[in-house]
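Written out below as structure tokens is the structure these notes cover.
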Amino acid sequence: MITRECTCAHWKHHYQNKLKLAIIGQSLFGQEVYSNLRKQGHRVVGVFTVPDKDGKADPLAVAAEKDGTPVFKFPRWRVKGKPIPEVVEAYKAVGAELNVMPFCSQFIPMNIINNPKHGSIIYHPSILPLHRGASAINWTLIHGDKKAGFTVFWADDGLDTGPILLQRECAVQPNDTVDTLYNRFLFPEGINAMVESVQLIADGKAPQIPQAEEGASYEGIQKKSNAKVDLAQPAEAIHNWIRGHDKVPGAWTVIDGQSVTLYGSSMLGGKAPDGQTLEIEGASRPGLVTKKGLVLHGTDGKALLVKSLQFEDGKMIPASKYFSSGEGASVELTDNEKRVAEEIRNIWKGILSNVPTINDNTDFFKSGAASMDVVRLVEEVKQKCAGMQLQNEDVYMYTTFQDFIQMFVRKLRGDDQKEELVIDYATKEVNSMTVKMPYQCFINGKFEDAESGKTYDTINPTDGSVICKVSYASVGDVDRAVAAAKEAYEIGPWGKMNPRDRGSLLYKLADLMEEHQEELATIESIDSGAVYTLALKTHVGMSIQTFRYFAGWCDKVQGKTIPINQARPNRNLTFTKKEPLGVCAIVIPWNYPLMMLAWKSAACLAAGNTLVLKPAQVTPLTALKFAELSVNAGIPKGVINILPGSGGMVGQRLSDHPDIRKLGFTGSTPIGKQIMKSCALSNLKKVSLELGGKSPLIIFSDCDMDKAVRMGMSSVYFNKGENCIAAGRLFVEESIHDEFISRVVEEIKKMKIGDPLDRSTDHGPQNHRAHLDKLLEYCDVGVKEGATLVYGGRQVDRPGFFMEPTVFTDVEDHMFIAKEESFGPVMVVSKFKDGDVDGVLQRANDTEYGLASGVFTRDINKAMYVSEQLEAGTVFVNTYNKTDVASPFGGFKQSGFGKDLGEDALMEYLKTKAVTVEY
């Protein structure tokens with residue numbers, strides 16, 4: 001009853017604190033603010049917006065009229081500085097309690113501003129008092145500000161001078177433009193902030209913080225007429241001027257006697273590429289038209305790259321094609337293409353409703369279209385023609401209807417496509433499907449044979465048959481892959497990409513993995529021996545979850561501000577930035593081929609790095625399938641490179657390579673030590689190591705026996721014992737020891753050993769022949785040392801690499817099997833005396849490994865004490881093998897250092913830069 005009353009009170013409060021609002025403004029931003037305020041339960045009693053332009057209503061008006069909200073389209077609110085009485089009367093009649101002004105280009109009289117009970121709030125796209133005025137976003141970039149943001153403030157009679165209600169900030173990226181900054185942060189977060197501000201007012205919690213005049217600035221409105229770029233200044237100043245006008249109003253210069261607008265500027269690192277010189281009015285040096293764009297030189301010897309040029313007639317071209325003769329001859333349309341062209345003409349008519357006829361020379365922008373119309377055109381055409389890859393930039397490039405149709409038809413035919421991904425698959429009919437498996441090296445976005453032409457066989461452990469031949473990468477292949485990854489990081493789009501866009505690509509990659517999960521699980525099963533149901537749920541399922549988890553981190557990597565001693569009389573600001581490392585190498589094991597790839601690669605890519613990955617030689621196929629999916633997801637070439645081959649050759653070269661800045665490795669401790677040494681001697685590259693383990697599991701007599709048996713078996717036999725955190729040694733309290741062993745053996749006898757693709761199979765084959773032989777030898781050693789072999793210890797009498805689940809008891813601390821990891825389905829059990837908690841802890845910790853551990857007991861105090869004393873990176877209490885993408889995973893001692901999964905894993909692929917500013 002109490003809970004119900006509280007809930008009702010909450011909802012009553014929720015609905016009481018809502019306001020009657022007048023929305024005064026325009027644009028898509030105004031529309032979104034209006035729609036979101038209505039969704040939150042506020043009542044919009046009137047929308048006051050601009051009159052229709054060329055027969056087209058403003059988006060805010062369109063949305064409000066559709067909802068039946070009263071809409072007023074006053075051309076002006078005052079004449080000769082005095083409010084128009086009829087306008088004021090119409091406004092007052094709606095009875096608003098608050099004016100919300102998301103974006104307003106009209107002058108609103110003060111008797112309107114002050115009329116509502118709560119006054120008026122306004123959105124302004126700068127961190128006031130900085131950059132007051134109508135071109136705030138432009139000036140944020142022109143001045144090279146390192147942070148941008150917006151302010152919601154209370155309107156007064158000054159120009160953006162009213163008290164502050166709330167502010168939000170974001171970092172300015174090096175190549176941000178007005179468009180990218182607005183679309184990434186100012187637009188979406190601004191909408192949220194306006195809604196939040198209204199609710200704060202409704203709840204009586206909205207502050208009114210006076211603006212400081214210190215640091216205030218006002219800059220004039222930027223128009224085309226005053227946007228000409230001064231090329232006689234340092235490169236960064238030129239870059240800031242161009243991006244500060246991109247796309248509106250557009251920075252321009254004079255080339256060959258005509259004004260040319262410059263778009264898509266970025267600073268150029270290193271030597272400028274070769275190109276054809278171009279004289280530009282006022283430039284300190286001639287420009288260079290290169291295959292990447294137009295290079296402009298600053299007076300400081302540095303350079304920048306311009307991606308696109310727009311001429312006086314509105315035509316936009318890639319800057320790299322300035323000297324080209326155009327797009328070639330016009331293509332002749334087929335009857336079907338003509339039909340589609342007419343459908344697109346109708347889309348143009350719908351958008352350009354003010355234009356009587358759409359003819360071939362109709363210019364989209366000269367007919368009154370704005371940026372929101374570009375989005376609409378692109379989306380409507382894509383909806384009409386499913387699968388069409390159309391970008392906003394295409395509309396800016398091809399502004400007339402004829403040019404747009406020519407571009408569209410070329411895209412439709414694939415004439416403009418970049419080189420298609422060519423894959424020579426190995427195909428197999430298996431698991432009631434056709435699996436298609438790439439088998440070549442994947443370097444710089446292409447599948448290709450190893451430089452040496454060598455291949456090797458990858459084997460199906462279920463029956464020992466050859467699945468296919470796989471390329472055997474060489475040192476030369478490593479060097480080419482690293483060079484591709486370096487170029488992708490330093491020059492390609494990945495390094496310049498907005499983090500949120502990078503996250504979108506990783507989300508898309510996860511979606512494609514999910515779409516292909518049955519195929520991936522089947523490949524994983526035949527290549528590694530994993531039981532199909534486990535491969536589907538864990539090997540592939542957790543891989544998908546991992547990429548989704550880290551995709552969400554892409555735009556949440558943050559530094560800190562740090563208070564330091566001031567250098568009087570000056571003041572200091574110190575802050576840190578988290579930056580990607582560059583090219584990273586990843587070397588993964590064979591027990592969870594796809595999942596280990598995901599655990600490391602997802603964090604690496606989310607941080608903004610590029611990578612070269614070496615899968616285990618015996619299980620390369622899901623990694624190569626993943627490479628194919630990464631291309632389909634839109635990951636740029638060179639970002640991901642996959643090299644199947646030997647650890648001794650490929651792994652060693654990755655450890656030694658001077659251009660690799662980080663190496664992540666999962667594997668054995670001896671190899672981890674060698675990698676660490678090579679990384680130190682080469683270029684002191686950062687290393688994270690997840691190595692061997694001998695994880696202890698302590699089972700006390702007060703445990704839940706059913707659960708202890710079930711989880712104890714899982715701790716050893718999960719994934720046929722090929723599990724990094726498998727319980728390498730079980731300590732069972734003496735009074736329950738015999739019962740525990742008896743019940744374990746009873747359950748083992750129920751396990752079905754067989755084909756991993758059979759859905760009823762519990763236990764599949766070991767990964768490869770050499771590993772099976774090693775496990776059989778391990779069991780022989782145990783028997784010879786005097787341990788009691790209770791069950792198993794033998795190869796199953798059937799084709800393939802199958803081993804019986806095995807149980808040893810009477811294992812003494814000095815024995816080989818008590819100290820060394822089997823990495824297979826071998827349960828190693830030792831007794832401990834009843835009540836001897838500290839004694840068993842000492843034995844459990846008497847190992848050089850510290851990857852995982854576990855304890856089963858109903859006594860929570862005992863459980864917490866034991867978990868504190870166990871020397872391992874993970875401690876499981878009354879469970880086992882429970883890992884999650886959000887929880888860090890990694891070991892202590894000779895089990896390595898560094899973490900996979902969780903936020904900690906992301907930090908493994910980032911570096912911290914401290915910046916101190918004196919002012």
Side-chain angles (χ1 to χ4, degrees), residues 19-77 87 90-91 93-94 96 98-108 112 120-123 125 179 182-183 186-195 198 247-248 343-358 362-384 390 392 395:
L19 298 176
K20 292 190 290 184
L21 308 174
I23 308 294
I24 305 175
Q26 64 209 71
S27 79
L28 188 61
F29 184 76
Q31 175 196 314
E32 289 293 324
V33 171
Y34 159 81
S35 299
N36 279 273
L37 286 169
R38 291 185 77 246
K39 287 177 184 176
Q40 291 298 313
H42 297 286
R43 183 184 169 197
V44 179
V45 294
V47 165
F48 299 84
T49 187
V50 294
D52 296 355
K53 183 179 179 182
D54 297 324
K56 291 179 62 180
D58 184 83
L60 174 57
V62 172
E65 287 170 344
K66 184 179 179 181
D67 295 332
T69 302
V71 176
F72 305 85
K73 301 177 182 180
F74 300 133
R76 61 189 63 84
W77 290 72
V87 173
Y91 163 78
V94 303
L98 173 70
N99 291 332
V100 179
M101 303 168 70
F103 173 72
C104 183
S105 61
Q106 297 176 313
F107 287 100
I108 310 300
I112 300 294
S120 304
I121 59 170
I122 304 177
Y123 170 88
D179 274 13
Y182 183 72
N183 292 330
L186 300 176
F187 180 87
E189 296 303 325
I191 293 164
N192 295 337
M194 288 298 280
V195 175
V198 171
K247 293 260 183 319
V248 179
E343 292 178 355
I344 294 174
R345 192 188 300 272
N346 289 330
I347 293 173
W348 277 54
K349 283 180 182 177
I351 297 172
L352 305 175
S353 55
N354 54 307
V355 179
T357 305
I358 304 297
T362 299
D363 187 286
F364 194 67
F365 296 103
K366 290 180 180 178
S367 300
S371 58
M372 61 187 177
D373 298 311
V374 173
V375 177
R376 178 180 167 185
L377 174 59
V378 168
E379 293 307 314
E380 286 198 40
V381 173
K382 285 163 70 175
Q383 188 177 36
K384 182 71 66 176
L390 197 65
N392 292 355
V395 184

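FYI, side chains are in, hydrogens and waters are out, and symmetry mates aren't considered; it's all heavy atoms of this structure. Keep in mind that what you see is a predicted model, and the values were worked out from it rather than measured.
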Going through the distances and angles, do E380 and R376 end up as a salt bridge (Lys or Arg N to Asp or Glu O under 4.0 Å)? CA-CA 6 Å; E380 286 198 40; R376 178 180 167 185; 2.7 Å; yes
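In this structure, the side chain of R345 engages the main chain of I358 through a donor-acceptor pair within 3.5 Å. Here the side chain of Q106 pairs a donor or acceptor atom with the backbone of F74 at under 3.5 angstrom. When atom types are taken as modelled, the side chain of D67 and the backbone of T69 share no donor-acceptor pair closer than 3.5 angstrom.
Atom CD of Q31 and atom CG of D58 lie 8.5 Å apart (nearest 0.5 Å). Considering CZ of F48 and CD1 of I24, their distance stands at 6.5 Å, rounded to 0.5 Å. To the nearest 0.5 Å, atoms CG (L28) and CG (D373) are separated by 10.0 Å. The line from OG1 of T49 to CZ of F103 is 10.0 Å long, rounded to the nearest 0.5 Å. Separating the CE atom in M101 from the CD1 atom in I121 is a distance of 10.0 Å, to the nearest 0.5 Å. A distance of 11.0 Å separates CG of L37 from NZ of K39, quoted to the nearest 0.5 Å.
For the residue pair T357 and T362, the shortest heavy atom distance occurs at O-OG1, 3.7 Å.
Within the 6.0 Å centre-distance limit, the rings of F364 and W348 are counted as a close aromatic pair.
Using a 30° and 60° split on the angle between ring planes, F29 and Y182 fall in the tilted class, from 30° to 60°.
Paired with E65 under the rule side chain to side chain contact (heavy atoms under 4.5 Å, CB included), one option of V71, V47, L60 passes, and it is V71.
Counting heavy atoms of neighbouring residues, nucleotides and ligands inside a 6.0 Å radius, atom NZ of K73 exceeds 12 of them.
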